[in-house]
Amino acid sequence: MLSIYPILCRAGIMDNYAYLIVDEASRTSAVIDPSEAAPIIAKCNELNIKPQYILNTHHHFDHTDGNLALKEIYNCQIVANIKDSHRIPGFDIGVEEGKTFALGASTAEIIDVSAHTQGHILWYFPQDKVMFTGDTLFNLCVGGLFEGTVEEMYQALQKIKSLPDDVEFYPGHEYTMHFAGEALSLLPHSEELVKYIQRAQERLSQGLPVAPITLGIEKKCNPFLAAKNLTELQQIL
Ligand code: FE
Ligand code: ZN
């Protein structure tokens with residue numbers, strides 16, 4: 001079983017989420033996308049955890065700037081797509097689509113969703129039914145196309161849509177309310193979306209992340225996942 005601790009980084013500026021995850025069976029732990037070191041060190045101290053790994057979704061600075069400082073302190077190993085070995089700070093271990101990575105007794109499957117960047121991966125833990133989606137899937141939106149095409153994003157979204165509805169996802173930013181208005185204008189008749197946004201506002205007003213949301217709900221409420229074909233996606237992306 002995995003325990004998951006979201007850590008808000010660059011609060012009020014980019015609102016990144018890093019995640020400290022712990023495989024409880026072995027107490028093996030990892031930091032996903034350390035945007036900056038300080039808030040992660042604070043959380044590790046609070047929980048008395050020394051992470052053995054850093055798992056990156058993609059190379060952007062707001063997901064990797066904490067890599068080297070954390071590696072220095074915890075002597076952890078940095079795991080990322082082998083394709084990004086040249087541009088992930090402190091890169092140690094390469095993974096790729098179709099391969100798995102063992103975090104103690106928990107196993108991550110690697111899903112390549114190159115579109116936001118080439119080499120962007122999802123970290124999917126099927127036994128725990130959780131997935132870390134970086135800048136590919138946000139609540140109610142998807143990441144911008146820095147290094148990929150709409151076609152590539154469409155393919156990436158098809159991979160996500162093929163996963164079970166009860167999988168919960170954890171995105172790389174708290175962007176829910178940035179896109180709520182646009183989602184409502186694209187899906188004006190969705191009662192489920194109205195409920196989604198109400199719940200999001202309640203969570204945020206309590207200082208809580210909107211995540212996790214199940215893929216089943218996201219497939220219905222996120223207009224980019226709901227797009228039925230490439231043409232529909234092209235019209236809104
Ligand atoms: Fe990014
Ligand atoms: Zn980002």
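In each ligand, atom 1 is the first atom listed, and ligand 1 is the first ligand listed.
Look at His173 and the Zn ion (ligand 2): an N/O/S atom of the residue is under 2.8 Å from the metal. Residue side and main chain included, Asp33 places no N/O/S atom under 2.8 Å of the Zn ion (ligand 2). The Zn ion (ligand 2) lies under 2.8 Å from an N, O or S atom belonging to His63.
Closest to the Zn ion (ligand 2) among the N, O or S atoms of Asp135 is OD2. Taking the Fe ion (ligand 1) as reference, Asp135 places its N/O/S atom OD2 nearest. For His60, the N, O or S atom with the smallest separation from the Fe ion (ligand 1) is ND1. Among the heteroatoms counted here (N, O or S) of Asp62, OD2 is the one nearest to the Zn ion (ligand 2). As for His58, its N/O/S atom nearest the Fe ion (ligand 1) is the one called NE2.
For Lys161, the NZ atom sits in a packed shell: over 12 heavy atoms of surrounding residues, nucleotides or ligands are nearer than 6.0 Å. No more than 12 heavy-atom neighbours from other residues, nucleotides or ligands sit within 6.0 angstrom of NE2 on His189. Around CD of Glu72, the count of heavy atoms belonging to other residues, nucleotides or ligands within 6.0 Å does not exceed 12.
Asp33 and Thr57 are linked by a side-chain donor-acceptor pair at a separation below 3.5 angstrom, with hydrogens and angles left out of the test.
Here the side chains of Leu215 and Ile160 are in contact, with some heavy-atom distance below 4.5 Å.
The pair Asp65-Arg10 counts as a salt bridge, with a side-chain nitrogen and a carboxylate oxygen less than 4.0 angstrom apart.
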